[in-house]
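Please read the structure below before turning to the comments.
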Amino acid sequence: LNSNLFSVKCNKEGHEKDQIDYCCENCNKVICLRCVIEDHKKHNYLPIKEAAKKYKPSIDKLFEQTNSKVPMIDDSIDQVKQAIAALELKFKEVENQIKQETEKLIQSINERAKRLFRQLEE
């Protein structure tokens, strides 16, 4: 097991300088010796190296299961991206149609107004 893994410091306030040495099985947390004494003394805990050995197969299995789903997730992401692109294109098309119809209506209204003014002047 990687020795760098075991030089991690505790994240509990006031214990930041203490090295993680244990895994509390009750709380599912990695803890330092002061945490054991102060907060976890009646809990089941293991030295971190033993916990790593104990839980490595489970972690590896979860990693494998998760990793096997990556291609499916990538495909789903691609499908969503394609759907977004298609929707954006459709939005632009509809927007252009609205602009064209608006221009036609404005032109029609202007032509009608011109006719009405001509009739008024006659």
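- Summarising the local packing, NZ of Lys29 is surrounded by 12 or fewer heavy atoms from other residues, nucleotides or ligands at distances under 6.0 Å.
- The structure places OG of Ser76 at 12.0 Å from NZ of Lys69, a figure rounded to the nearest 0.5 Å.
- Sorted by first then second residue, the salt bridge (Lys or Arg N to Asp or Glu O under 4.0 Å) pairs that include residues 80-101, not counting sequence neighbours, are Lys90-Glu93, Lys92-Glu95, Glu101-Lys104.
- For His40, the ring pair (Phe, Tyr, Trp, His ring centres under 6.0 Å) partners at least two apart in sequence or on another chain are His43.
- A distance of 11.5 Å separates CG of Asp18 from CG of Asn11, quoted to the nearest 0.5 Å.
- A 4.5 Å side-chain heavy-atom check between Gln119 and Leu116 finds at least one atom pair inside the cut-off.
- For Asp21 (side chain) and Leu33 (main-chain N/O), no donor-acceptor pair under 3.5 Å exists by modelled atom type.
- A distance of 7.0 Å separates CD1 of Ile20 from CD1 of Ile48, quoted to the nearest 0.5 Å.
- Applying the salt bridge (Lys or Arg N to Asp or Glu O under 4.0 Å) rule to pairs touching residues 112-122 yields nothing, sequence neighbours excluded.
- Leu46 contributes atom CG, which lies 6.5 Å from atom SG of Cys23 (distance to the nearest 0.5 angstrom).
- At least one side-chain heavy atom of Arg34 sits under 4.5 Å from a side-chain heavy atom of His15.
- Residue pairs meeting the ring pair (Phe, Tyr, Trp, His ring centres under 6.0 Å) criterion with at least one partner in residues 77-122, sequence neighbours excluded, are absent.
- Considering only heavy atoms from C-beta on, Tyr22 comes within 4.5 Å of Ile31 through its side chain.
- Residues Lys49 and Pro47 form no side-chain contact, since every pair of their non-hydrogen atoms from C-beta on lies 4.5 Å or further apart.
- Within a 6.0 Å sphere centred on CD of Gln65, other residues, nucleotides and ligands contribute more than 12 heavy atoms.
- Among residues two or more places apart in sequence or in another chain, the side chain to side chain donor-acceptor pair (under 3.5 Å) test is passed with Glu25 by Lys54, Tyr55.
- In the hydrophobic clustering, where aliphatic and aromatic side chains (Ile, Leu, Val, Met, Phe, Trp, Tyr) are joined below 4.5 Å either directly or transitively, Val94 groups with Ile98.
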